[in-house]
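Note that the structure is a prediction, hence the values are computed from the model and not measured. Proteins come first, then strands; the chains are lettered A, B, ... in the order of their sequence lines, and each starts at number 1.
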Amino acid sequence: MSDRKKLKKDCNISGKDCTEELIESLHAFRKNRAILINPDYLDDEKLPEDERSKVLKEIFNRNIREKQLSRIISHLTPILDNACPPSALIYGPTGSGKTVSLIHVLSTFCTFAQKRNIEFNYYYIDLTSPKSFFAALNEMAISLDATNRKYRKGIPVEYMQTKIINAISKMKGYLCFLIDEADNIKPNPDLFLTFIAKTLPRKVSCRLLYILITNRLDWEKTLDSRILSFFKKTDILFEPYDAMDLLEILKLRSEKALDQKKVDQAALHKISAYASQETGDARMAVELLSKAVRVGEETTGFLGVTEVDAAEKRLEVDKTTELINTLAVHQKLALQSCYYSLIKPDIKKVTTGQAYKNYQKLCDQRQNRALSQRRFCDMISFLDLYGLINARVISMGRYGKTREIISSLPEQIIEKFL
DNA sequence: CATCCACAGGAAAACGCGGTTG
DNA sequence: CAACCGCGTTTTCCTGTGGATG
């Protein structure tokens, strides 16, 4: 017993020492390789409010989105001459900086107008997650009255409406509502729009101005034309960022967040080029940057072009595995049945018939009914469309005409889902 | 050149399911 | 409560087809 105790004690001491050393050395090692100084600047969600707007100001001071900003501002300037501009509808793809630009413009416009003794206020209504009519009203009431976090369910809709009307009727001058993702009201967007466009202006004395943001170009067409005519609106389009804009944004982020000694400017160029080719989504560009930083910290302790390449690959892998995971059951089975024979080293292509046989076998194993070959055929074209397989129709002469299915995924992904 | 394979893919019928009406 | 719609999905049926092969 005493022996064992002693042994344990020894072990403990030596073990502790070892681990402590390990922690110390690893810590030093990691610190040495760290590129990231202030991670919050790579993630907008974590940035405190005032800090966020500071960053935004800096971005806009670099003449990014100048065209769009001037469009919005010239839309607003009639207010300075005591005229009320029409409502505006802002279009643009995700990550083109719609929300950010609008908030920036409105807040600066707000202070500018106040200096000239013009009463101007704006409220931001966030509908980024789908909302019902009631929830939209709720959101509106909250933005008007910051003290009240949330109104409970079960309150009649009319009550909410009068609540909002009461809140607004105390105000004077111009009142601007910035409604983000305005197309997100389900199931009856018309109701909400009728309320804000028709009912509200009649009940309150101040001048109302609506700015609706959406990323669906065709949204307008889904609306009732009668409501649409109440908004005598102007359209403003946000183009996606080009490579130069993205580069500026990335530069700013990297200056704030990263150790400049360890950052190669060429890497930023590469990221901006890649992101602008893809979608021009700024959020995606920043995400790629942070991914590249992570790669750099894990390997060389430096952010260069090679790290960006690696991050790109990793992003690609993440995207495809995510895509695969969101597939419907039978689609997943079809995909598996395609790769089932493709992973064998000597087989490079399969025909639809072979894949279908595999598919039937797989369905048998899992005891669910196999879909018809016709349906399978459609699923193959679907998978091809999404780039999960390569399938093209070829003719093998008298041996028939079929789709030739070839792998289009790197092996690590295939292994993962098989 | 005609033949004929093994499937592609269009059309229409059948099914499934939530919602509505008599 | 059954009958009936409406609409999306699935099955059934069918016609079409590129080119190796005899």
Side-chain angles (χ1 to χ4, degrees), chain A residues 127 129-137 153-154 156-158 181-195 214-228 319-409 413-414 417-418:
Chain A
L127 302 178
S129 51
K131 298 264 160 51
S132 64
F133 175 45
F134 178 81
L137 285 178
K153 270 186 180 177
V157 174
E158 289 86 49
E181 308 279 344
D183 53 325
N184 243 342
I185 305 167
K186 282 181 204 170
N188 38 11
D190 292 349
L191 229 54
F192 182 71
L193 293 175
T194 327
F195 174 67
T214 176
N215 47 28
R216 285 175 45 193
L217 274 166
D218 59 341
W219 182 53
E220 205 178 315
K221 286 172 200 145
T222 65
L223 290 178
D224 196 318
S225 54
R226 273 170 300 170
I227 296 165
L228 213 55
K319 266 200 306 205
T320 41
T321 44
E322 197 181 326
L323 180 63
I324 289 170
N325 285 331
T326 55
L327 287 178
V329 195
H330 280 281
Q331 292 169 338
K332 218 183 274 186
L333 283 173
L335 188 66
Q336 280 175 13
S337 67
C338 289
Y339 281 103
Y340 187 69
S341 12
L342 281 175
I343 44 166
K344 288 173 191 160
D346 47 336
I347 299 174
K348 297 184 298 300
K349 49 186 170 182
V350 280
T351 64
T352 315
Q354 291 162 346
Y356 186 62
K357 269 180 203 136
N358 287 338
Y359 167 73
Q360 281 177 317
K361 234 185 280 171
L362 271 174
C363 283
D364 264 7
Q365 280 170 28
R366 302 179 173 223
Q367 340 238 18
N368 43 9
R369 213 164 63 82
L371 296 173
S372 66
Q373 184 159 358
R374 179 69 246 274
R375 203 70 247 300
F376 186 76
C377 177
D378 280 350
M379 286 199 292
I380 294 295
S381 4
F382 175 86
L383 294 175
D384 177 55
L385 195 70
Y386 275 78
L388 296 173
I389 53 174
N390 259 321
R392 54 185 182 141
V393 263
I394 52 151
S395 174
M396 302 187 299
R398 80 175 326 174
Y399 301 111
K401 195 176 153 195
T402 179
R403 267 214 189 85
E404 174 188 58
I405 301 167
I406 322 171
S407 161
S408 69
L409 297 178
I413 297 180
I414 301 171
F417 77 83
L418 274 182

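- With hydrogens and angles disregarded, no donor-acceptor distance shorter than 3.5 Å links the side chain of A:T352 to the backbone of A:T402.
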Return a table of donor-acceptor pairs under 3.5 angstrom between the side chains of residues 388-398 of chain A and protein atoms on other chains or two or more places apart.
{"unit_1": "A:R392", "atom_1": "NE", "unit_2": "A:E404", "atom_2": "OE1", "d": "3.0"}
{"unit_1": "A:R392", "atom_1": "NH2", "unit_2": "A:E404", "atom_2": "OE1", "d": "3.0"}
{"unit_1": "A:S395", "atom_1": "OG", "unit_2": "A:G397", "atom_2": "N", "d": "3.4"}

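- Pairs engaging residues 363-383 of chain A under the ring pair (Phe, Tyr, Trp, His ring centres under 6.0 Å) rule: A:Y356-A:F376, A:Y359-A:F376, A:F382-A:Y386 [sequence neighbours left out].
- A distance of 4.0 Å separates CD1 of A:I405 from SG of A:C338, quoted to the nearest 0.5 Å.
- In this entry the distance linking CD1 of A:I394 with P of B:dC5 reads 18 Å, nearest Å.
- Proximity of a side-chain donor or acceptor of A:Q331 to a complementary backbone N or O of A:A328 within less than 3.5 Å is detected.
- Between A:E404 atom CD and B:dA8 atom P the separation is 12 Å, expressed in whole Å.
- Near DNA chain B, meaning a heavy atom under 4.0 Å away, the residues from residues 347-363 of chain A are A:T351, A:T352, A:G353.
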Under 3.5 Å, sequence neighbours excluded: what are the donor-acceptor pairs made by side chains of residues 363-372 of chain A?
{"unit_1": "A:S372", "atom_1": "OG", "unit_2": "A:R375", "atom_2": "N", "d": "3.4"}

Task: Per-nucleotide protein contact string for nucleotides 12-22 of chain C (B base, S sugar-phosphate only, - none; heavy atom under 4.0 Å) - done: B----BBBBSS
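- Note on A:R369: only backbone sugar-phosphate atoms sit closer than 4.0 angstrom, heavy atoms only; bases stay farther off.
- Legend: residues meeting salt bridge (charged side-chain N to carboxylate O under 4.0 Å, His left out) with A:D378, ordered by chain and number and at least two apart, are A:R374.
- With hydrogens and angles ignored, the 3.5 Å screen pairs no side-chain donor or acceptor of A:D384 with any backbone N or O of A:I380.
- Taking atom CZ of A:F376 as the reference point, atom P of B:dA6 lies 17 Å away to the nearest angstrom.
- Atom-to-atom, CG of A:D378 to P of B:dA11 comes out at 13 Å; the value is rounded to the nearest Å.
- The interatomic distance linking A:I405 (CD1) with B:dC7 (C1') rounds to 11 Å, in whole Å.
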